[in-house]
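Read the structure below first, then the notes.
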Amino acid sequence: MLLRSRQVPQLGWNLEYIMWIFMRISGLAMAFLGATGMALAFLMGARTQMDLPTLMRWSFFPNPNHVVNSNIPDVTQGWANGFWQVMEILIISFAATHGFNGVRMVIEDYIDHSLWRPFLRGVLFALWLFSLLVAIYVILAS
Amino acid sequence: MQVTVKILRYNPEKDEKQHYESYQVEADPTDRVLDLLEKIKGYQDGTLAFRRSCAHGICGSCAMRINGRNRLACKTLVQDLNTTKITVEPLLGLRVIKDLVVDMEIFFEHYRAVKPYFVNDEPPPEKERLQSPEERERFDDTTKCILCGACTTSCPSFWANRNYLGPAAIVAAHRFIFDSRDRAAAERLKILSDHFGVYHCHTIYNCTDACPRGIQVTKAIGEVKKAIMTGSLD
Ligand code: FES
């Protein structure tokens with residue numbers, strides 16, 4: 001008799017649990033997506049065509065508007081297409097949700113049971129939704 | 001050697017708020033902070049209030065902030081503080097009753113909430129409920145807890161919201177969740193996965209630093225999170 005394996009029925013999902021996992025996954029995902037954007041930018045010639053701030057803007061929000069003023073001859077060649085739109089939407093969704101959930105945790109930590117809490121939660125949710133919708137609109141329209 | 005002990009004092013019958021008072025004490029390097037407090041109370045100011053019982057680091061009464069860190073006064077040697085100026089303050093995050101004595105009720109309320117006792121309704125075997133040394137080893141670290149409150153009161157998440165169960169309660173739960181003879185792991189995990197359970201832990205590690213028993217508190221909390229996630233109690 002060494003270590004007998006023991007198991008309990010797995011608990012159902014709750015918001016705290018989902019967000020806890022989400023915070024970890026989104027943190028990793030943002031780093032990974034940023035690195036991918038940067039690596040692909042270098043492959044497309046970023047080393048000679050843009051300065052560091054432009055490269056950073058591109059890495060964390062790969063929108064063609066962020067690089068039009070660099071020395072890239074033509075952004076429609078590789079820099080503006082559906083792939084980057086998907087990348088942008090992924091990055092902004094992860095980042096906004098990660099950030100807003102951070103603020104939610106601050107609210108949960110510091111605001112005790114009072115009407116303030118549901119109110120602030122509501123405001124936060126509305127802001128999150130609004131900023132995501134605006135961002136996606138900007139991405140698809142540009 | 002001469003040491004200066006600065007104590008954050010509060011007398012609810014006289015003072016409006018806490019204030020510092022300093023005492024000069026003759027001390028040996030091997031004296032403990034508790035010895036200094038005893039000297040002050042015995043020879044300089046009998047009104048000083050603090051908790052102590054065993055003076056051997058096992059009852060958990062004398063946790064307080066010593067030079068800004070949660071420590072047991074009876075386990076902290078003057079020479080280990082590397083200074084002759086010692087500041088002693090009550091634990092943070094709990095209501096101060098008098099001087100260094102704090103109201104631990106909410107701490108014990110959280111402790112009771114996680115069912116910190118053995119649960120097994122199966123008929124007991126003739127002799128005893130057997131457990132292998134390996135199974136005993138699995139939760140050995142968290143059996144060391146003396147409920148001094150140093151971890152919970154060093155936790156910024158607890159300072160922010162005292163409804164958070166806190167590291168000490170999670171350690172107590174861990175002690176039974178991973179005990180192969182216990183049968184209430186699922187119930188405890190449910191309590192800990194709740195709003196004010198383990199997810200209020202932001203892995204700040206203050207608890208691990210504060211624990212006078214050297215319990216790897218943050219690791220234990222991590223193991224509970226993992227058990228909630230996988231359902232596995234290995
Ligand atoms: S007096 Fe018992 S732990 Fe310090």
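The figures that follow rest on heavy atoms only: side chains count, while hydrogens, waters and symmetry mates do not. Convention: sequence-line order gives letters A, B, ...; per-chain numbering from 1.
Of the atoms belonging to Leu15(A), not a single heavy atom falls under 4.5 Å from chain B. Only the side chain of Phe196(B) comes within less than 4.5 Å of a heavy atom in chain A; its backbone stays farther off. Only the side chain of His200(B) comes within less than 4.5 Å of a heavy atom in chain A; its backbone stays farther off. Heavy-atom distances place the side chain of Met105(A), and not its backbone, under 4.5 Å from chain B. At a 4.5 Å heavy-atom cutoff, the contact between Asn14(A) and chain B is made by side-chain atoms alone.
Counting heavy-atom pairs under 4.5 Å between each of Met229(B), Arg162(B), Lys190(B) and chain A puts Met229(B) at the top. Contacts with chain A were tallied for Ala186(B), Ser232(B), Ala185(B); Ser232(B) has the most, counting heavy-atom pairs under 4.5 Å. The choice from Asp194(B), Leu189(B), Leu233(B) that makes the most heavy-atom pairs within less than 4.5 Å of chain A is Leu233(B).
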Next item on the list: Determine, step by step, whether His66(A) and Phe61(A) satisfy the ring pair (Phe, Tyr, Trp, His ring centres under 6.0 Å) criterion, reporting the C-alpha distance in whole Å, the side-chain angles of both residues, the deciding distance to 0.1 Å, and the verdict.
Entry: CA-CA 8 Å; His66(A) 276 164; Phe61(A) 198 61; 5.7 Å; yes
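A perpendicular orientation is assigned to the rings of Phe119(A) and Trp116(A), their planes being inclined by more than 60° (bins at 30° and 60°).
Here the two rings, on Trp128(A) and Phe125(A), have centers that are under 6.0 Å apart.
A donor atom on one side chain and an acceptor atom on the other are not found under 3.5 Å apart for Gln216(B) and Asp141(B).
A salt bridge is absent between Glu135(B) and Arg6(A); no separation between the charged side-chain nitrogens and carboxylate oxygens falls under 4.0 Å.
Between Thr218(B) atom OG1 and Lys225(B) atom NZ the span is 8.5 Å, to the nearest 0.5 Å.
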